[in-house]
Amino acid sequence: MRTLCASTLIGEFFVVGFAALVAMKDPDLAGATLWTVSGIAMFLCLALCGMVTRPGGIALGWALQIALIASGFVVPAMFFMGAVFAALWWASVHYGRKIDEAKARFAAQAAQADQVAPADQAAQATPAAQAGSTTPDAV
């Protein structure tokens, strides 16, 4: 899950930066305010990459998705981009959890197979040792 969510957040990092460049063309917005808000959002995108698997990381990601959609009031194209990234976030969380569950299941199966394999080797070694002791020289 971490890889998928982090990939989505890195994409959002760039989208937020480009949206800030577009928003700079609006004369009603102060450049310092614009870059402060965008910088905080960009920082959150990067910080959440490492916090996704921690408690509250997914919830913070959803909050970021809502903020990204709400930024459409400043740059109208962000309504669409925010919705796209919210869908990507959902897919990353949903399918990432499924992948993590499958990895855990495969690891458990592999561990179980490793435990069974030494018992099989011991069982196979016993008949071979018995067959070796019944050689004509030993009789």
Student: Taking all heavy atoms of V74 and all of P76, pick out the closest pair and write down the distance.
Tutor: O-CD, 3.7 Å
Student: Please give me the minimum heavy-atom distance between E12 and C45, naming the atom from each residue.
Tutor: CB-SG, 3.8 Å
Student: Can you hop from V52 to L60 via hydrophobic side chains spaced under 4.5 Å?
Tutor: yes
Student: Are F79 and W89 connected into the same hydrophobic cluster when the rule is that any two of I, L, V, M, F, W, Y join if their side-chain heavy atoms are below 4.5 Å apart?
Tutor: no
Student: What's the verdict on side-chain contact (heavy atoms from CB on, under 4.5 Å) for I40 and F43, showing C-alpha distance, side-chain angles and the deciding distance?
Tutor: CA-CA 5 Å; I40 290 170; F43 172 77; 5.7 Å; no
Student: When you look at V15 and M78, which way does the side-chain contact (heavy atoms from CB on, under 4.5 Å) test go after all the steps?
Tutor: CA-CA 9 Å; V15 168; M78 290 305 291; 3.7 Å; yes
Student: Verify side-chain contact (heavy atoms from CB on, under 4.5 Å) between I58 and R97, making sure each step is shown before the conclusion.
Tutor: CA-CA 12 Å; I58 300 297; R97 284 184 178 154; 4.1 Å; yes
Student: When rounded to the nearest 0.5 angstrom, what distance separates CG in L68 from CG in L44?
Tutor: 11.5 Å
Student: What distance separates Y95 OH from W90 CH2, expressed to the nearest 0.5 Å?
Tutor: 4.5 Å
Student: Kindly compute the distance separating CH2 (W35) from CE (M42), expressed to the nearest 0.5 Å.
Tutor: 6.5 Å
Student: According to a 4.5 Å side-chain heavy-atom criterion applied to Ile, Leu, Val, Met, Phe, Trp and Tyr, with indirect links allowed, do I66 and L48 form part of one hydrophobic cluster?
Tutor: no
Student: Enter the distance from C5:SG to M51:CE here, rounded to the nearest 0.5 Å.
Tutor: 12.5 Å
Student: Which heavy atom in I69 sits nearest to a heavy atom in G82, and how many Å separate them?
Tutor: CG1-C, 3.4 Å
Student: Quick check: is F80 connected to L88 through a chain of hydrophobic side chains (ILVMFWY, heavy atoms under 4.5 Å apart)?
Tutor: yes
Student: Which heavy-atom pair separates S38 from V16 by the least distance, and what is that distance?
Tutor: O-CG1, 3.7 Å
Student: Check A23 against V75 and note the closest heavy-atom contact, atom names and distance.
Tutor: CB-CG2, 3.6 Å
Student: Quick check for you: to the nearest 0.5 Å, what is the distance between L9 atom CG and L4 atom CG?
Tutor: 11.0 Å
Student: To the nearest 0.5 Å, tell me how far L46 CG sits from I10 CD1.
Tutor: 5.0 Å
Student: Applying side chain to side chain donor-acceptor pair (under 3.5 Å), can you list everything that pairs with S71, at least two apart in sequence or on another chain?
Tutor: none
Student: Is V22 linked to L29 within one hydrophobic cluster, defined over Ile, Leu, Val, Met, Phe, Trp and Tyr using a side-chain heavy-atom separation of less than 4.5 Å?
Tutor: yes
Student: Give me the atom names and distance for the closest heavy-atom approach of G50 to R54.
Tutor: O-NE, 4.5 Å
